[in-house]
Amino acid sequence: MAAERYPHLKVEDPEIYDLIQEQAKFEASTLKMIASESFASYCVLEACGSIFTNKYCEGYPGARYYEGNEYTDRLENLARERGKQLFGAEHINVQPYSGSPANQAVYRAILKNGDRIMGMPVSEGGHLTHGWKVSFSGQDYVQIPYGPDPETGHINMNKVREIALKERPKMIWAGTSAYPHLLNYSEFAEIAKEIDAYLVADIAHINALIIAGVHPDPVPYCDIVSSTSHKMLRGPRAGFLLSKIEDRYQSKYFAESKFNLAQRVDRAVFPGLQGGPHMHIIAGMAAAFKFALTDEFKQYGIQLVKNAKSLAASLQEKGYDLAGGGTDTHLLILDFRKKDFTGKDASKALAKCGIIGNFNMVPGDHRSPFVTSGVRLGTPSLTSMGMKEDDMKEVAGWIDRVCSNISNIDEIAPTIRAEIAEFCKLFKVPGMCD
Ligand code: DSN
């Protein structure tokens, strides 16, 4: 365990030290199945905890508003080069503080307040920042919704085209946070082109699948690609933006601007929305990109899907319904619409037993977002620990025992919790096991 890694906190601030130890014990003895979480490596953790936290360097490499930035320039350029190599992108900005600020910058780079955008509502598996009404994105812009077909659980691209041609949004989001199938970026690109709309992919949840080649690559098709560097990429909590350099709609929408698309993205991040970049976090991102360029990482990306498919198949054999009929990605959504318990009941019961997921709407859900009929589960953390397809069968067994005993969960929870803790000892948690 990471006990000896915080010698100063241990002596000088034991309250924080103890909380870190408790969290580490908790994470190493439970099945961490929140689809948007994984484990960062020691390299990422060390870079994020480094003295780069002290440095102010508003601006970009070679054009800062503070002195003393020789090494921060080199660091940011290193992160940029690794990121561009990883995704084959023309341009990258590594400064967004996280995914939502990155998406905010997307809006500022290509839209004006009041513009129409097409995105998936949160209730259908989209993200808050894709135009959901309680977020700035649904308040300052007009969301034209699309989503998975309630019957099949798949996005019907004919329907997407129909909506786009009728509503003519200026931008289309191709991105999800709770959708278990692949996105067809080339079809999205054809639709966007037909109506002169920008196409933006949000790959925060699926970037490792793209790197591993088990999900289509949006970079050739999209004007901008937004991502986080945590989740399955296993870097720091931060965001980055990939973009084309030239704006294919410059003369149509930005004829008066002297800045191309890449420059507008950069200007939207700084000075548009943010101040000083978090250089310690950019150091962590560079470390994560280095690992993501390895064959080991690609194998991890491939295994994410194998594990999710194995888990899905085992649960389906036991009679569970899954939204969208299964999975092609790293996540699945248990569909409890026909049950007399809710997604929230199930997710609380699973957590009591040491299976940590989150309650989630399923397409066509009749229950409110505060209780839902689904539970979203993902494989990134378990795959990072080294679990394989057969281990997923064990996991499915525990999920089944919990979901068959929701009403008397308190009686069986201690036994299942102990079994899972023993099982977890068979694996190594990155960033926690020396
Ligand atoms: N909060 C993140 C998730 O879990 O889906 C949003 O991307």
Side-chain angles (χ1 to χ4, degrees), residues 27 30-40 96-107 117 119-138 143 147-148 155 173-183 200-210 215 218 224-242 281 285 288 304 308 323-324 327-334 343-344 346-348 350-351 355-363 365 369-384:
E27 294 202 2
T30 52
L31 298 170
K32 196 162 101 108
M33 298 190 72
I34 290 177
S36 49
E37 292 182 3
S38 192
F39 291 107
Y97 296 147
S98 198
S100 295
N103 287 352
Q104 226 176 332
V106 168
Y107 286 88
I117 56 117
M120 275 172 55
V122 169
S123 55
E124 307 288 319
H127 190 257
L128 279 171
T129 55
H130 298 174
W132 191 237
K133 46 195 179 269
V134 295
S135 136
F136 79 92
S137 63
Q143 190 202 49
I155 295 170
W173 278 111
T176 63
S177 62
Y179 178 65
H181 300 299
L182 308 182
L183 295 179
V200 182
D202 185 338
I203 62 167
H205 287 260
I206 53 168
N207 45 32
L209 309 184
I210 293 163
H215 190 290
I224 306 178
V225 175
S226 170
S227 187
T228 50
S229 55
H230 46 290
K231 301 192 178 78
M232 61 167 63
L233 193 53
R234 299 167 61 179
R237 301 195 80 89
F240 60 93
L241 291 165
L242 312 168
I281 299 299
M285 194 185 295
L304 289 173
T327 185
D328 301 310
T329 66
H330 63 296
L331 68 81
L332 51 89
I333 302 165
L334 285 156
K344 190 171 187 175
S347 126
K348 297 260 172 240
L350 286 162
I355 301 169
I356 314 299
N358 66 278
F359 57 91
N360 212 97
M361 302 283 281
V362 294
D365 209 326
F370 304 105
V371 291
T372 79
S373 296
V375 171
R376 184 184 69 162
L377 297 173
T379 56
S381 303
L382 304 190
T383 307
S384 303

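Read the numbers this way: they start at 1 and go in the same order the structure lists the ligands and their atoms. Quantities reported herein were computed from a predicted structural model and do not represent experimental measurements.
- Within 4.0 Å of atom 5 (O) of ligand 1, at least one protein heavy atom is present.
- Closest to atom 7 (O) of ligand 1 among all protein heavy atoms lies His205 NE2, 2.8 Å.
- Between the Tyr179 side chain and the Ile155 main chain, a donor and an acceptor come within less than 3.5 Å of each other.
- Residue contacts with ligand 1 do not include Glu37, since none of its heavy atoms lies under 4.0 Å from the ligand.
- Remark: side-chain polar atoms of Ser177 are paired, donor with acceptor, to backbone N or O of Gly126 under 3.5 angstrom.
- Considering only non-hydrogen protein atoms, atom 1 (N) of ligand 1 sits nearest to Ser36 OG, 4.7 Å.
- In summary, the atoms of ligand 1 found under 4.0 Å from a heavy atom of Ser177, numbered by their order in the structure, are 5 (O).
- For ligand 1, the atoms lying closer than 4.0 Å to a non-hydrogen atom of Arg376 are 3 (C), 4 (O), 5 (O).
- Side chains of Arg237 and Ile281 form no contact here, defined as non-hydrogen atoms less than 4.5 Å apart.
- In this structure, Pro218 and Ile210 have side chains that are in contact, with non-hydrogen atoms separated by less than 4.5 Å.
- Within the 3.5 Å criterion, the main-chain N or O of Ser36 finds no donor-acceptor partner in the side chain of His205.
- Atoms of ligand 1 found under 4.0 Å from any heavy atom of His127 (numbered from 1 in listed order, with element): 6 (C), 7 (O).
- Remark: ligand 1 atoms within the under-4.0 Å shell around heavy atoms of Lys231 are 7 (O).
- At least one side-chain heavy atom of His127 sits under 4.5 Å from a side-chain heavy atom of Ser100.
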